[in-house]
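First the structure, in the form of structure tokens, and then the observations on it.
Letters A, B, ... mirror the listed sequences (proteins, then strands); counts begin at 1.
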2 protein chains.
Amino acid sequence: MTVPPGRRERKKAATRQRIADTALRLFLERGYDAVGIRDVAAEADVAVTTLFSHFASKEALVFERDEDFEQRLTQAVTGRAPHEPLIPALREEILALVRHCTADSAAPVWRMIDGSPALRKYEESVRLRHAETLAAAIAGDPEPPVSATASRAIARFVIDAYALAREAADPEGAVDEVFPMIEAAWEVTRASRRA
Amino acid sequence: MTVPPGRRERKKAATRQRIADTALRLFLERGYDAVGIRDVAAEADVAVTTLFSHFASKEALVFERDEDFEQRLTQAVTGRAPHEPLIPALREEILALVRHCTADSAAPVWRMIDGSPALRKYEESVRLRHAETLAAAIAGDPEPPVSATASRAIARFVIDAYALAREAADPEGAVDEVFPMIEAAWEVTRASRRA
DNA sequence: GACCGTAGCACTAACAGTTAGCTTTTTGAA
DNA sequence: TTCAAAAAGCTAACTGTTAGTGCTACGGTC
């Protein structure tokens, strides 16, 4: 019983990381569309099939860490202090995530994403998944019980806020503008429940 | 100068329609994944390149009429009576569209879409475009002036409502539940503008 | 320490969507 | 009739992705 995950899993993770790093480097050097899967595989010194055993698609190479995003969102819901209101907690988390991805160091990557229709499309589908996960977290939260539809709606609104902020000229300002709207929408679901 | 759209354009439209009809028929008969582009082209008696000159992708064959959707939404905004409030107008239009696509006659098509990840993903990207178009219509409406961010947020919320309703067990009930939330979000933008 | 089942990886070859390059037909107008 | 442009066609490729198959190294067990 190895507390540090066994050598096999470490090797696997290393291979995965090597592929992701190589891919990102090549994409940034030559442009996403100009780099083929075969190029990435060759440069990372793995077979094409190996690459696809670690990543479901070419786009997934770019959004390698998207599960962190998902985790942080659900954590913001399920891990908040008792009686701490939901929407402000989500607001803080989204704000942190927006700051994170509009940081200068991340700029080239996001410029690449914005420049590729395939990547933008993929990002949307990733966000849809995040919205579903977030909806499940909200629906499962005992604090204020809400209907399935309402929690899915709020979840989508929150993800929308993130998407809008990322594209806005003033990302933090966009969060400040959209979240009061979400707060109001949220209040409606609570009001109808009290009635 | 032919006032009735010339023969050339009619023929082109006819070819386009023949391709779309053939594609949909084959997809429903054999399943979306089991039908290749070459099958559709052969059955419609056109070259593959011709097919792609009419449709940008295989998925686009299924969402052939999606511009109607877009048109109806912008029409609901720009074509409403003076002083008619925005959100109820959008609510009515979304309700009509939801009814339209949950009608029995359309059921097989939507079942096919729900059964194919590629189609679901494509539908999301189509919706994103619709949200952008709707946002532009809202932002361009003189009646209640709103910021670019607020109009984009509302537009996304409205599209979200449609998406949620389409997937919900009780589509019309979902519209009834989500639109009050949107209305509240909308009021926030108006309140901050009056302040 | 030897043994074995499994997981990771490799290789080839192919499939399917999509596009480029170029030719032929059809159309609308001079 | 003649001509330019649009539409349609054909061939051949490129690119992401997968199936099939086998080899190798690891991890747990006796």
Checklist entry - Counting side-chain heavy atoms from C-beta on, which of C/dA10, C/dG8, C/dT18 comes nearest to A/Lys12? => result C/dG8
Checklist outcome for this item: Rounded to whole Å, CG of A/Leu119 lies from C1' of D/dG16 at a distance of 14 Å
Checklist entry - In whole Å, what is the span from the CZ atom of A/Phe52 to the P atom of C/dC11? => result 16 Å
Checklist entry - If you round to the nearest 0.5 Å, how far is CH2 of A/Trp186 from CG of A/Leu86? => result 5.0 Å
Item to check | Separation of C/dG28 P from B/Glu9 CD (nearest whole Å) | outcome: 9 Å
Checklist entry - B/Ser57 near the nucleic acid: base, sugar-phosphate alone, or nothing, with a heavy-atom cut-off under 4.0 Å? => result sugar-phosphate
Item to check | Between D/dG16 (C1') and A/Lys121 (NZ): distance, integer Å | outcome: 14 Å
Item to check | Distance-only donor-acceptor test (3.5 Å): side chain A/Thr15, base C/dC9 | outcome: no
Checklist entry - In whole angstroms, how far is the C1' atom of D/dT15 from the CZ atom of A/Phe55? => result 19 Å
Next on the checklist: Side chain of B/Thr50 only, heavy atoms from C-beta on: which candidate in D/dG16, C/dT18, D/dA8 is closest?
Outcome noted: D/dA8
Checklist entry - Are B/Arg120 and B/Glu167 close enough, and set up right, to give a salt bridge (Lys or Arg N to Asp or Glu O under 4.0 Å), and what steps lead you there? => result CA-CA 11 Å; B/Arg120 290 182 63 96; B/Glu167 294 172 13; 3.6 Å; yes
Checklist entry - For C/dT27, does OP1 or OP2 lie under 4.0 Å from any side-chain N or O of B/Lys11? => result yes
Item to check | Touch class at under 4.0 angstrom, heavy-atom based, for B/Asp39 against every strand present | outcome: nothing
Checklist entry - Whole Å only: how far is the CG atom of B/Leu51 from the C1' atom of D/dA7? => result 14 Å
Checklist entry - A/Thr49 side chain: which of D/dA19, D/dT17, D/dG9 is closest? => result D/dA19
Checklist outcome for this item: From NE2 of B/His54 across to P of D/dA7 the rounded distance in Å is 8 Å
Checklist entry - With a 4.0 Å cut-off on heavy atoms, is B/Val40 in touch with a base, just the backbone sugar-phosphate, or nothing at all? => result nothing
Next on the checklist: How long is the straight-line distance from CD of B/Glu124 back to CZ of B/Arg127, given to the nearest 0.5 Å?
Outcome noted: 5.0 Å
Next on the checklist: Could you tell me if B/Lys58 sits above the aromatic ring of B/Tyr122, with its cationic atom closer than 6.0 Å to the ring centre and no more than 45 degrees from the axis?
Outcome noted: no
Next on the checklist: Measure CZ/B/Arg38 against P/D/dG9 and give the value in whole Å, please.
Outcome noted: 16 Å
Next on the checklist: Under 4.0 Å, heavy atoms only, any strand: does B/Val46 hit a base, just the sugar-phosphate, or nothing?
Outcome noted: sugar-phosphate
Next on the checklist: I'd like to know if the side chain of B/Asp39 reaches the main chain of B/Gly36, judged simply by a donor and an acceptor atom lying under 3.5 Å from each other, with no hydrogens or angles considered.
Outcome noted: yes
Item to check | Sugar-phosphate only, base, or nothing, as touched by A/Asp33 at under 4.0 Å among non-hydrogen atoms | outcome: nothing
